[in-house]
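Encoded as structure tokens, the structure appears first; notes follow it.
Just so it is clear, the model here is predicted, and its values are computed rather than measured. For ligands, and for the atoms within them, numbers begin at 1 and follow the listed sequence.
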Amino acid sequence: MKNKFSLDYFRSIGFKVAFIIIVIGILPFMVCVPISLRAYESVSIHTDATNLMAEAISYNNQIVTSGYAQGEDNEVLDTKLKSVADSYNGRILIINSALKIVRDSFMADIGKTVIWENIIYSMQGESLYHYDKETNYLIVSVPLVNSDGDIVGALVMNKSMDYMVQNEDTFYSYILIGAVVILALTIILAIFAHIYFSRPFKKMSNSLDSIIRESDTLLPEEKSFTEVENITDKFNEVIGKLHSIDESRQEFVSNVSHELKTPLTSMKVLADSLNGSEDVPIEMYKEFMVDIGDEIDRETKIINDLLSLVRMDKSGAMLNVTPVNINELIDHILKRLKPIAEKADVEVVYESFRPVVAEVDEVKFTLVITNLVENAIKYNNEGGWVHISLNSDHQFFYIKVEDNGLGIPEDSVDHIFERFYRADKSHSREIGGTGLGLAITKSSIAMHNGEIKVRSTLGEGSTFDVRVPLNYIKKEVH
Ligand code: ADP
């Protein structure tokens, strides 16, 4: 649990923002400090080398004309070169054309031969410099040229660059102080950013906690980041939806209880009136028992419809899909409904444009067609008609159920697919409607990934259009 907490913390927005700020604060130091030190070093070496070479060249005439390079004694030059070498904490060498050291301010290596690349180049007329990082010395070599332009030797001057290293150390110590100050400021900034960025989310999480406990409130709308405001709005939308689902569930439960109680109340009244009266004629008993039987039928129908509806509410996995000949299915249903149509004096006409075989759940799809055709017969006038047509293209099949019956009032059209909704309550009850038929129809069509639409004009009739894919594709449930 503790481990999980620590991992979660590293993924939190507060930590990430703080981390980014610290990296941004420190990274320039880590990149800029070495670069600026390199630049300082290279500028110092180059400037010193240029100056040192110019100085070395300035001694050329004195050295060459006095024969100093050839071994002539010259105390003035001895002292001068010695003091110059000492002032640079370095060394001065004069090398003749045979690469032998003829003068050494250290007086240590006179007579020795030096074979060094730069000196060889200087013997050919080039002035060069080299910085030895290990010993920290700058070494320049320039040719010694006589008045005829012949190279008679080379002058080598060393200069200690300790001052540069000392400067770098001072620079480092300032940088270190700067780095500590900037790191401290960055950390303070990171802490503030951590608090600032995590606060809205923490608040939202706390509000959600209290919503979970009380289940009746909405998230408080607070001015914060746009993203947090958007999430708050979406959450409130979801909470609103949950409330309305809860309300509709409660309404459904109270509707169910009411619908189930109505036939029971009627039966109780009928039974009580028989029990309460004496010498009841047998005909009256029979009549009342027929009424009680009707109420039992009604109760059974409501329970059956409710069971169908509950089954529809389950996921598509409950569908038992097989290839079904829709033409035959409709023929079969119409044969079953024929007596009701004849009783109501309604003419039923079926027109099929082509043979249709589709992947449907036969039992559930039978309910769709039965409910639509039964309604078209029930909510019709004597002598009215019902037209059923079946068509298809390469993707869908289409069923149209049209009648010239009572029609549906405009303000009811949007509600007829709701459970227990009846456009005309008294008429619907009278003809045995439960208000569940179209809800069952719609759920069943939705399970088959289809659609149903209705057009109706009060007093003129109604048309229900159904469109269902020929091939059933199971939707993934996440
Ligand atoms: P019921 O069991 O009441 O028929 P339904 O869910 O099948 O329940 O229908 C809901 C309501 O829609 C009905 O009460 C009726 O008012 C209206 N309705 C359905 N089909 C038609 C139709 N073809 N013509 C007129 N009204 C209809």
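Using a 4.0 Å cut-off to heavy atoms of Ala376, the atoms of ligand 1 that qualify are 23 (N). Distances below 4.0 Å separate heavy atoms of Ile408 from the following atoms of ligand 1: 25 (C), 26 (N), 27 (C). The contact set between ligand 1 and Ser462, taken as ligand atoms under 4.0 Å from a residue heavy atom, comprises 22 (C), 24 (N), 25 (C). Heavy-atom proximity to Thr434, at under 4.0 Å, picks out these atoms of ligand 1: 1 (P), 2 (O), 3 (O).
No heavy atom of Gly405 sits closer than 4.0 Å to any atom of ligand 1. Heavy atoms of Glu374 come nearer than 4.0 angstrom to ligand 1 in no pair at all. Using a non-hydrogen distance threshold of 4.0 Å, Phe464 registers as a contact of ligand 1.
Looking at Asp465, Val368, Leu372 one by one, the single match for side-chain contact (heavy atoms from CB on, under 4.5 Å) with Ile452 turns out to be Leu372. When each of Phe397, Tyr398, Phe396 is paired with Val468, the side-chain contact (heavy atoms from CB on, under 4.5 Å) condition holds for Phe397 and for no other.
Aromatic ring orientation, Tyr196 versus Phe225: perpendicular (interplanar angle above 60°, classes split at 30° and 60°).
Using a 4.5 Å cut-off on side-chain heavy atoms (C-beta onward), Asn118 and Ile139 make no contact. Taking 4.5 Å as the limit, every side-chain heavy atom of Ser462 sits out of range of all side-chain heavy atoms of Tyr379.
The residue Asn380 has no part lying near ligand 1, judged by heavy-atom distances below 4.0 Å. Only the backbone of Tyr421 comes within 4.0 Å of ligand 1, judged by heavy-atom distances.
Ion pairing between a basic and an acidic side chain is recognised when a charged N comes within 4.0 Å of a carboxylate O; Glu374 and Lys301 show no such pairing. A salt bridge between Glu351 and Lys400 is absent, with no side-chain N of the basic residue lying under 4.0 Å from a carboxylate O of the acidic one.
By the 3.5 Å distance cut-off applied to N or O atoms, Leu406 is not counted among the residues near ligand 1. The distance criterion of under 3.5 Å between nitrogen or oxygen atoms is met by Ala423 with respect to ligand 1.
You'll find the ring centres of Phe365 and His332 outside the 6.0 Å limit.
When Gly435, Ser412, Gly407, Ser456 are checked for heavy-atom proximity to atom 1 (P) of ligand 1, Gly435 turns out nearest.
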